[in-house]
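What follows is a single structure, written as structure tokens, with notes after it.
Basis for what follows: all heavy atoms, side chains included, without hydrogens, waters or symmetry-related copies.
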Amino acid sequence: LPVVASITGSTTVCAGSTTTLTSATALGVWTSSNTAVATVSASGVVTGVSSGTSTITYTVTTNGCSTSVSSVITVNPLPVLAAIGGTTSACIGSTTTLTNTTSGGTWTSATPAVATVNSITGQVSGVSAGTSLMTYTYTNTNGCTSSVTATVTINALPVVAAITGTTSACAGSTTTLTSATASGVWTSSNTATATVNASTGVVTGIAAGSTTITYTVTNGSGCISSVTTTVTINALPVVASITGSTTVCAGSTTTLTSAT
């Protein structure tokens, strides 16, 4: 009988992956006892099909006489991952967090110029408008790896025109600010100095000082941009009361004065 060297090579493989078996004896034939678990090619490449075991046999025939050696291959299952959860859209400069019920995996972004992702927490940060494929990869204790993906959309911020209009007023008076971008909301940082009508942009001076007036626009994707300007409220002059005689005869005069 031919003398056949023993089979060498890794005897474990993940489903969907391969391992190569060899024998120092040439010209043999490889077979698998359970092709539903693992197949083997003519060159000894074993492909894991499903979890379980299969006996891989290497047979050498010389002058009609055959000898076989065998090895048991274990095929380990891939980890089963749930779909990615979380909100799959965000604005430029904002974040959203993706989740998976299987912990211990790693997050990656296919297009970090559009969106980056924290490899551990799954927090996605919008960088520029577009889409990026996010992948969550998990490796189990047998060294087998599975991944799930989700596409994240990063929405553009609205472009808001600069604020125009007179940026000073007297206490008790008004000035109107405008922006060429419609549908925004006006706010004042210091309503003790000046208030502003949220829709019209009319600023009313309350007391001397300054306040930051902000115009904020939210687009259809829920993304927000703001522009600001500083408005100065000037104090009214203080005028002393009028003094002097407040009666006079026809043809005569009286003089009125003010200390101011």
Side-chain angles (χ1 to χ4, degrees), residues 86-98 112-118 121 123-132 152-260:
T87 301
T88 56
S89 64
C91 301
I92 293 172
S94 296
T95 63
T96 183
T97 299
L98 302 180
V114 170
T116 61
V117 62
N118 183 292
T121 65
Q123 185 180 77
V124 177
S125 299
V127 177
S128 64
T131 60
S132 182
V152 170
T153 300
I154 303 301
N155 297 307
L157 300 177
V159 178
V160 182
I163 295 171
T164 58
T166 302
T167 56
S168 63
C170 298
S173 297
T174 63
T175 184
T176 300
L177 302 179
T178 60
S179 169
T181 306
S183 302
V185 176
W186 297 93
T187 56
S188 170
S189 68
N190 186 357
T191 55
T193 295
T195 61
V196 61
N197 185 289
S199 57
T200 65
V202 174
V203 177
T204 301
I206 304 297
S210 62
T211 184
T212 300
I213 302 297
T214 302
Y215 184 65
T216 302
V217 176
T218 303
N219 64 16
S221 300
C223 299
I224 297 171
S225 289
S226 298
V227 287
T228 63
T229 191
T230 299
V231 170
T232 300
I233 303 301
N234 297 309
L236 297 175
V238 177
V239 182
S241 58
I242 296 171
T243 58
S245 176
T246 57
T247 60
V248 64
C249 297
S252 296
T253 62
T254 186
T255 299
L256 302 179
T257 60
S258 171
T260 305

field: Verdict with supporting geometry, Thr212 and Val231, side-chain contact (heavy atoms from CB on, under 4.5 Å)
entry: CA-CA 6 Å; Thr212 300; Val231 170; over 6 Å; no
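- Between Thr214 and Ser226, the closest heavy-atom pair is CG2-CB, 3.8 Å.
- Shown here for Thr247 and Ser245, the closest heavy-atom pair between the two residues is O-OG, 3.1 Å.
- By the 4.5 Å heavy-atom criterion applied to side chains, Thr96 and Ser89 are not counted as neighbours.
- When side chains are defined from C-beta on, Pro158 counts as touching Cys223, because their heavy atoms get closer than 4.5 Å.
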- request: Go through Ile154 and Cys91 one step at a time and tell me if the side-chain contact (heavy atoms from CB on, under 4.5 Å) criterion holds.
  value: CA-CA 5 Å; Ile154 303 301; Cys91 301; over 6 Å; no
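- To the nearest 0.5 Å, atoms CD1 (Ile213) and OG1 (Thr228) are separated by 10.0 Å.
- Residue Ala194 comes nearest to Val203 through the heavy atom pair CB-CG1, 3.8 Å, listed as atom of the first residue, atom of the second, then distance.
- The side-chain heavy atoms of Thr97 and Thr121, taken from C-beta on, include no pair separated by under 4.5 Å.
- Side-chain contact check for Ile206 versus Thr195: some heavy-atom pair is nearer than 4.5 Å.
- Expressed to the nearest 0.5 Å, how far CG of Leu157 lies from OG of Ser225 amounts to 4.0 Å.
- To the nearest 0.5 Å, atom OG1 of residue Thr229 and atom CG of residue Leu177 are 6.5 Å apart.
- Under the 3.5 Å distance criterion, the side-chain polar atoms of Thr193 are left unmatched by any main-chain donor or acceptor of Gly209.
- Looking only at side-chain heavy atoms (C-beta outward), Thr116 and Val127 come within less than 4.5 Å of each other.
- The nearest pair of heavy atoms linking Thr230 to Ser210 is CG2-CB, 4.0 Å.
- Looking at Asn219, its side chain does come within 3.5 Å of a backbone N or O of Ala156 through a donor-acceptor pair.
- Applying the ring-ring contact (aromatic ring centres under 6.0 Å, His included) rule to pairs touching residues 188-236 yields Trp186-Tyr215, sequence neighbours excluded.
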task: Take Ser199 and Asn197 through the side-chain hydrogen bond (donor to acceptor under 3.5 Å, both in side chains) test and state the conclusion after the steps.
output: CA-CA 6 Å; Ser199 57; Asn197 185 289; 3.0 Å; yes
Mind listing the side-chain donor-acceptor pairs of residues 164-171 below 3.5 Å, one per line with the distance, residues two or more places apart or on another chain?
unit_1: Thr164; atom_1: OG1; unit_2: Thr178; atom_2: O; d: 3.4
unit_1: Thr164; atom_1: OG1; unit_2: Thr178; atom_2: OG1; d: 2.7

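- In terms of heavy-atom proximity, Thr95 sits nearest to Ser125 at CG2-OG, 3.6 Å.
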- prompt: Run the side-chain contact (heavy atoms from CB on, under 4.5 Å) check on Ile92 and Asn155 step by step: do they pass?
  reply: CA-CA 6 Å; Ile92 293 172; Asn155 297 307; over 6 Å; no
task: Step by step, work out the side-chain contact (heavy atoms from CB on, under 4.5 Å) result for Thr211 and Ser189.
output: CA-CA 6 Å; Thr211 184; Ser189 68; 3.2 Å; yes
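- Considering every non-hydrogen atom in both Thr131 and Thr153, the closest pair reads CG2-OG1, 3.7 Å.
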